[in-house]
There are 2 protein chains.
Amino acid sequence: MPRHAQHNRQETLDKALSLFWRKGFKATSLKDLEDALDMRPGSIYASFGSKEKLFQEVLQRYGRQGLVELERILTANSSPLGGLADYLRQLGELRDTPRPSHACMLVKTLLELGPGGQSALAQEILDSMETRFIDAFKAAREVGELAPGQDPERLGHRFQAQVMGLRAYAERKIERAALHALADDMADDVERLARV
Amino acid sequence: MPRHAQHNRQETLDKALSLFWRKGFKATSLKDLEDALDMRPGSIYASFGSKEKLFQEVLQRYGRQGLVELERILTANSSPLGGLADYLRQLGELRDTPRPSHACMLVKTLLELGPGGQSALAQEILDSMETRFIDAFKAAREVGELAPGQDPERLGHRFQAQVMGLRAYAERKIERAALHALADDMADDVERLARV
DNA sequence: TTTTATCTTGAGTGATCGCTCAAATCCAGC
DNA sequence: GCTGGATTTGAGCGATCACTCAAGATAAAA
C-alpha cells in the first residue's frame, strides 16, 4: 500500500554533511538544504524532524566515517606508533583532495556552538577518537615500542591536540607542500618516541 | 557646541569583543549587541558602520592585544626557546581564568567564516603571530641555542599549529590539570630543541 | 479500477535578522 | 536662557529565519 520513499537516506545525509561541514550549523539555512537535498521543507521535516536533529544525524555519520578511517590506517600498520604516524601523514594530504572543508567538522562544531549543549555529540566523538589514540599508545607500550617512562594518556591528549591543530592549520591559505612538511614533522616526532 | 559622545570607544569595543569572542560572528545578533553595549541600533551604526565593520575592528583589537602579550612573554625571557616555552605554559593556564572562550578568536573566526573573504583579517593576524614565532626561532639559532640543522620556518609553522591545537583542545570540557600537563609537554619539547 | 496508506509539495506562519531615519535629546558657546 | 550642531533614540523597514500543514501525488493492495 505504501508509496516508497523517493530519497535514499544515506545519500541525502551525505549531501547534508557536505553542506554543514562547509558552512557550519548556523550559516546553513533551510533554503540551502532544500536546494542541496532537492527536497521541500515538508519532506525534510518529515524525514529528519528538525534542522538540529538532521545536524546531529550528520555529525554521527561524520564521526563514524572518521573512526572507521582511523581504524583502517591503524590496523594497516603492524607498528602502533607507525600507524599513528601514518595517520598524521595522511592528514598532510588534506589539501590534495577537494573537500567541503579542510578543518575537522567536529572541531568546527565545537568552536561554533561552544562547549555546552548542542555540540555535546561532537565532543563525545572527539573523546572516542582520543580514546582510540590512547589505546594505540598503550599497544605501543605493550609491544615494547614505547619507552616505559612515557604515559599513553598524556601522549593521547597530545596527539589529539596535534591533529586538531594540524587540521585547523590546513584551513588557512597555505601551500600544499607546507602542509605536507608540517604533517611529516609531526609524524616523525611520533616515531621518534620509539626506543632505538 | 557639540554634544560629546556618551560611550568610550575602547570600552565599547571590549564589550563587543567579549560577545563576539564567545558567540562568534553569526550567532551574535544586533539585539545582543544592543544589550551588551547599552546602545540603540542607530548609535551602533553611527559609531561603527555595520555589524561587519564592528567585527573587523574588534578582531583588530583582539589581534593587537594578542601580539602585545606574545611580545611581553618573549622579551621577558632572555632565551628565545625559553620564551616560546613560557608562552605555551601560559596557555596551559587558560582554564584558570574565566574568559569569553578558551579557544582563539582568530581560529574560531577562520573556522566559522571559511578561508575566504570575511576572515581575511583573522588570517593576516595569524600570519603576524606565526612570523613572530619564526623570528623567535631564528633568534634562537643565531644565539646558538638551536641546532643548526633545524629550520626556523618549519618550527614556526609547527609551533603555530600546536598553539591552535592547544587552544581548540582547551575549549573541550577538560580538567584544569590535564590542560596544564598538555601545555607543559609541548613546552618541554620546545626546550628540548636546545642543544645540550 | 478503486481504495488506501504513505510521501511530497509549497504557500504561508510568526519570529527574528541587519539596518534606516526622522525626531528627540543633549551640551557647548553666545 | 537660547541656539546650533552633534549624538541618541526606537519604531519600523524588507528580507530571511526555521518551520507547519492542508492539499496533492504516488504506488501497492484490494
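Per chain, numbering begins at 1; letters A, B, ... match sequence-line order.
- The distance from atom CZ of B/Phe48 to atom P of C/dC19 is 14 Å, rounded to the nearest whole Å.
- When the side-chain contact (heavy atoms from CB on, under 4.5 Å) test is applied to B/Glu57, the partners found at least two apart in sequence or on another chain are B/Arg9, B/Leu13, B/Phe48.
- Taking the six-membered ring where the residue is Trp, B/Tyr169 and A/His157 present tilted rings, their angle falling between 30° and 60°.
- Atom NZ of A/Lys26 has 12 or fewer neighbouring heavy atoms from other residues, nucleotides or ligands inside a 6.0 Å radius.
- Judged as a side-chain contact (heavy atoms from CB on, under 4.5 Å), and not counting sequence neighbours, the contacts of A/Gln150 are A/Leu146, A/Ala147, A/Leu155, A/Leu193.
- In this structure, B/Glu52 atom CD and C/dC17 atom P are separated by 18 Å, rounded to whole Å.
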Pairwise N/O distances under 3.5 Å, protein to nucleotides 10-15 of chain D:
{"unit_1": "D/dG10", "atom_1": "O6", "unit_2": "B/Gly42", "atom_2": "N", "d": "3.1"}

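- Taking every heavy atom of residues 23-39 of chain A and every atom of DNA chain D, pairs under 4.0 Å involve A/Thr28, A/Ser29, A/Leu30, by number.
- Residue pairs meeting the side-chain hydrogen bond (donor to acceptor under 3.5 Å, both in side chains) criterion with at least one partner in residues 101-123 of chain B, sequence neighbours excluded, are B/Ser101-B/Glu171.
- Between the OH atom of A/Tyr45 and the P atom of D/dA18 there is a distance of 7 Å, given to the nearest Å.
- Counting heavy-atom neighbours within 6.0 Å of B/Gln10 CD, excluding the residue itself, gives a total above 12.
- Within the structure, ring-ring contact (aromatic ring centres under 6.0 Å, His included) contacts touching residues 71-97 of chain A (residues at least two apart or in different chains) are A/Tyr87-A/Phe133.
- Of the possible donor and acceptor atoms, one in the side chain of A/Ser128 sits under 3.5 Å from a partner among the backbone N and O of A/Glu124.
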